Every structure is written in C-alpha cells, then in structure tokens.
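Predicted, not measured: the structure shown is a model, and the values here were computed from it. Residue numbers begin at 1 in each chain, while the letters A, B, ... track the order of the sequences.
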Amino acid sequence: MASEAVAVAATKHSGLAALTAAALALPGLVPEAEAAAGAAGTAASGLDSRYSRYEESGGRMRVEVYQAAAQARVTDRLSLRVNGVKDVMSGASPMAVVRGGDGKLGLVMSGASIRDERDAVDLSASYELDDATLGLDVGRSSENDYNSNFFNIDGRWNLNRKTTTLAAGYGFASDNVWAVSHLDGRTDRLPGVGGGKASHQGLLGVTQVLDKNSLLQLNLTYGDSAGFLSDPYKWVLVGNRLVEDNRPSQRRQFGVLLRYVRHFAALNEAALHLDYRFYSDSWDVDAHTFEASWHQPLAYGWQLVPNFRYYSQDSADFYAPIFEMARCNEPHHSSDYRLAGFGAVAGGVRLENEFFGRLRVAGGIEFYERRKDLGFSGGAGTAADNFSFSVFSFGLNLKF
Amino acid sequence: MSGTHRLGAPIGLLLLLGIAGCAPVAPWERGNLAKPNMALDTDALEAAFMRHAYSAKETASGGYGVGGGGCGCN
C-alpha cells in the first residue's frame with residue numbers, strides 16, 4: 001500500500017513536472033530564434049524545408065523560393081541554427097509611369113528579360129541563462145545586382161514567474177545595390193548606377209500572459225537607413241523628360257506591432273491570432289496592417305488555418321505617378337508603386353498535420369490583391385499600378 | 001512620422017490596461033498557452049517568406065524582430 005502511494009505520488013509529481021516544463025516553455029515567450037525552430041517554439045533539434053511559388057498577375061514577376069533550416073541543441077543552454085534561402089526570379093517589373101495617347105496613365109515595363117537569383121544564408125546562436133536568453137545572428141544575402149551583410153543581437157528577460165518577457169534587439173545591415181543589363185544572354189553591370197547604404201534597427205518588446213488562455217505582445221521598432229536609397233531601375237516622368245528615381249539619402253522608420261493570441265478549448269482547442277501594426281517613416285508614409293488567422297484542429301491530427309490580411313498606406317511626400325512639370329528646389333521624385341497610396345487585401349489557407357510526433361507536413365495557398373482604391377489612408381497613386389499575386393507553398397519539418 | 005505621437009498614448013494605455021488586468025497564472029495553468037497553435041508564429045519559414053514578400057511590395061516593414069538582409073526586389 002505504501003509503495004502504491006509512493007508510485008501515485010511519483011506519477012503526479014512527474015506529470016506536474018512535465019506540464020510545468022511545457023508551460024514554462026510558452027511559445028509566445030521564447031526568443032525569436034528559438035521560436036523559429038519549430039511549431040511548438042521549442043529549441044529542439046530539427047530540420048525545416050519549404051518550397052513556395054510566387055506569381056504576379058499580368059506576366060510580371062515569378063519567383064521560385066527554396067527555404068531550408070537546421071537547428072541543433074548543442075548543450076542544455078546553447079542552440080545553433082543555420083538558415084538558407086534561394087530565390088529564382090524571372091519576369092517583368094514596372095520601370096516608369098507614362099501618359100498614353102488617350103491621356104490615361106500606363107506602365108513602362110522592363111520586358112520579360114529579368115532573370116536573377118538571390119542566395120541568403122544566416123547563422124544564429126542562442127544561449128539560455130536562468131531567466132534570460134541571448135541571441136546572435138550573422139548573415140549575407142546576394143543577387144547579381146544587390147548584396148547585403150548583416151548581424152543582429154537580441155536579449156529576452158523573463159519576469160513575474162515567466163508571465164512577462166521583456167525583449168530588446170539591435171540589428172545592422174550594410175547593403176550595396178547597382179544595376180545590370182540583360183542582353184544576348186549576358187548580364188553586365190551598368191557603371192555609375194547605384195551605391196551603398198547602412199541600416200540600423202532597434203527593438204523593444206514585451207510579451208504578457210493575460211490569463212490561462214491568452215497572451216499579448218507589443219513591439220516597438222525604430223530604424224535609420226542612410227546612403228543610396230533610390231531604385232536604380234526606376235524612372236520618373238518629370239515634365240516631358242524621363243529622369244532617374246531620386247529619393248532622400250536618409251530614412252527613419254518607426255513601427256508598433258500589437259499581437260494577441262487566444263485559445264478556445266470549447267472549439268476543439270482552436271486558437272485565434274490577431275495582429276495590428278502601425279508604421280510611420282520620415283518620407284511621410286503612414287501605414288496600417290491588420291492580420292487575423294484561425295487555427296482549427298480537425299480529426300486525425302489535421303489542422304486548418306485560414307487567414308486574412310488588410311493593408312493601407314498613404315504616399316511618400318516626393319511621390320507622384322507623373323510630375324506634370326519640373327519642380328524648383330525639389331530634387332527628390334519617385335513614381336515607384338510601393339511609395340504610392342493604396343490598399344491591399346490578402347487571404348489564404350494552410351492545411352497541416354504532424355505524423356509520428358516528428359514529421360510535420362504543411363501546404364498552403366495565399367492570394368493578394370493591391371488596388372489604389374482599397375486604401376483608406378489617401379495619398380497620390382494610380383490604378384495603373386494595381387496588381388495581384390498568388391503563393392502556393394509546401395513545407396516539411398522534422399524534429400529529432 | 002505624423003502619426004507616431006497620435007498612436008503612442010493609446011497603445012501605451014492599452015498595454016498598461018492589458019497588464020493591469022492580468023490574472024495571476026500559475027505554471028500548471030499554462031497548458032493551453034503551451035499548445036503549438038498558440039505560438040506567435042506557428043510556421044516560422046512561412047512567416048519569414050510572407051513578410052519578405054509583403055515588404056518587397058509595400059512600404060511598411062518590420063515590427064516582428066530586428067535585422068535580416070535587404071534585397072533588390074522589384
């Protein structure tokens with residue numbers, strides 16, 4: 001009888017310990033690097049891979065994306081992760097906005113001659129202390145007309161018996177951009193076009209457990225970029241002349257991100273995710289992003305994840321589709337569609353399952369529609385820049 | 001950055017109200033919070049790619065973390 005009591009007590013104790021350990025490793029409270037390790041957000045060893053096909057409407061850009069990542073827990077406290085991405089891009093891109101013979105605005109496209117590849121790799125380390133985690137990430141991204149070298153450091157501190165996590169991070173990137181021509185199958189660098197830029201970014205954040213079913217995260221980010229911030233492939237119609245895209249050589253960016261996650265036990269353990277982000281920069285662009293997703297477990301371990309996204313921004317203060325006449329003492333001008341006022345809606349669904357407790361399989365589809373008249377922020381823009389894209393993806397995640 | 005100051009106070013107030021309204025949650029009450037679908041990013045590679053795609057087509061970016069390299073995306 002005594003031994004039975006001991007056994008029951010031991011079982012209760014181990015069950016409680018397991019539950020406590022799981023609860024302390026809250027997905028929302030682990031470092032970004034660890035959260036990137038897997039669905040549960042733990043720092044277990046594993047391999048991730050994903051293939052995506054991105055395709056824009058009207059014969060514009062098409063991108064095949066290959067992602068792979070490997071994570072290993074080296075010691076009880078140290079985890080390493082290597083992350084690689086290869087993009088294979090082809091298609092056409094807008095170069096300028098012009099007025100046609102009928103008076104309507106239209107786009108000058110690059111022609112379907114763009115063919116490029118982007119290779120990116122980064123290596124990160126995460127070290128856990130008793131109530132904190134430190135992270136370091138170093139990486140490089142290169143294309144035939146762009147390269148970027150970067151590093152990031154971050155720290156997270158757990159407070160209030162791990163119901164509150166404070167986060168701070170800093171990142172630096174040194175980028176170079178230039179233009180190339182694609183003629184007769186050859187890619188040649190165009191001399192005298194482009195330049196370098198340096199970007200600093202900082203983050204302060206807090207994640208708070210609200211109750212046993214919900215948590216909230218708030219992140220503040222600030223960025224400062226200086227150098228060549230124009231696009232060497234874009235041109236602007238000023239008066240009756242096409243001139244090079246010319247933007248200020250400094251940009252300060254500020255962002256506020258608010259995330260809320262709630263569990264619904266009565267709905268078969270479903271979860272609701274809500275995100276809102278406010279963005280503002282020194283080019284006078286304000287933007288709002290709303291995202292929602294519903295994570296619904298189904299039978300036999302399957303889970304369906306529909307999502308919806310809405311985005312609205314106003315235009316930069318030096319943006320116009322075309323400039324009817326030259327502007328005195330205004331050196332900056334751009335008709336890049338990304339600096340226009342517009343709105344966008346997107347939606348998609350992902351279906352996923354985990355087999356043998358180790359192998360997670362996921363497939364998804366996403367549609368995005370960008371239109372001048374979908375935004376509520378106002379600003380200049382043109383319907384000639386409207387477009388849509390779709391993304392089909394398939395991913396595998398193996399945990400060891 | 002005209003909207004920065006407009007939103008700072010409401011967001012700060014919201015956060016303070018959120019934290020002030022928190023009920024104490026003991027470790028053994030956090031089983032639901034530890035479920036995989038409660039992770040802030042339930043699919044890290046998908047989240048990374050989609051944020052990259054959006055930031056290549058829109059002005060706004062960031063908020064989810066620091067760093068990462070730029071690109072010449074058009």
Side chain of [X], backbone of [Y]: donor and acceptor closer than 3.5 Å?
| X | Y | result |
| --- | --- | --- |
| B:Thr59 | A:Arg338 | yes |
| B:Tyr64 | A:Leu257 | no |
| A:Arg350 | B:Asp43 | no |

Give every residue pair that meets the salt bridge (charged side-chain N to carboxylate O under 4.0 Å, His left out) criterion with at least one member in residues 56-69 of chain B, sequence neighbours excluded.
A:Glu56-B:Lys57, A:Arg309-B:Glu58
Residues in salt bridge (Lys or Arg N to Asp or Glu O under 4.0 Å) with A:Asp145, at least two apart?
none
If you take all heavy atoms of [X] and [Y], which pair is closest and at what distance?
| X | Y | answer |
| --- | --- | --- |
| A:Leu203 | B:Gly65 | CD1-CA, 3.6 Å |
| A:Arg161 | B:Pro27 | NH2-CD, 4.1 Å |
| A:Arg277 | B:Ala60 | NH2-CB, 3.6 Å |

Heavy-atom distances under 4.5 Å only: say whether [X] touches chain B with side chain, backbone, both or neither.
| X | value |
| --- | --- |
| A:Arg50 | both |
| A:Ala120 | neither |
| A:Asn149 | neither |
| A:Asn213 | both |
| A:Pro297 | side chain |
| A:Asp336 | neither |
| A:Asn147 | neither |
| A:His263 | both |
| A:Ile153 | backbone |
| A:Gln313 | side chain |
| A:Ala167 | neither |
| A:Ser49 | backbone |
| A:Ser293 | neither |
| A:Tyr170 | backbone |

Separation between CE of B:Met38 and NE2 of A:His273, rounded to the nearest 0.5 Å
6.5 Å
Quick one, [X] and [Y] - any side-chain contact, counting heavy atoms below 4.5 Å?
| X | Y | answer |
| --- | --- | --- |
| B:Leu40 | A:Val261 | yes |
| A:Lys212 | B:Arg30 | no |
| B:Ser61 | A:Gln253 | yes |
| B:Asn32 | A:Glu269 | yes |
| A:Gln303 | B:Asn37 | yes |
| B:Val66 | A:Asp137 | no |
| A:Val85 | B:His52 | no |

Using the side-chain contact (heavy atoms from CB on, under 4.5 Å) rule, take A:Val209 and B:Leu33 through it: C-alpha gap first, then chi angles, then the decisive distance, then the call.
CA-CA 8 Å; A:Val209 171; B:Leu33 296 169; 3.5 Å; yes
Flag the pair B:Asp41 and A:Arg259 as a salt bridge only when some basic side-chain nitrogen lies within less than 4.0 angstrom of an acidic carboxylate oxygen.
yes
Engaged part of B:Ala56 at the chain A interface, taking heavy atoms whose separation is under 4.5 Å:
backbone
If you count heavy-atom pairs within less than 4.5 Å of chain B, which of [options] leads?
| options | answer |
| --- | --- |
| A:Thr289, A:Asp231, A:Asp122, A:Val177 | A:Asp231 |
| A:Tyr260, A:Tyr337, A:Phe342 | A:Tyr337 |
| A:His200, A:Arg60, A:Arg262 | A:Arg262 |

Pair B:Glu46, A:Glu352 - check side-chain contact (heavy atoms from CB on, under 4.5 Å), show working.
CA-CA 12 Å; B:Glu46 178 192 54; A:Glu352 61 191 18; over 6 Å; no
Is the B:Tyr54 ring parallel, tilted or perpendicular to the A:Tyr368 ring (thresholds 30°, 60°)?
tilted
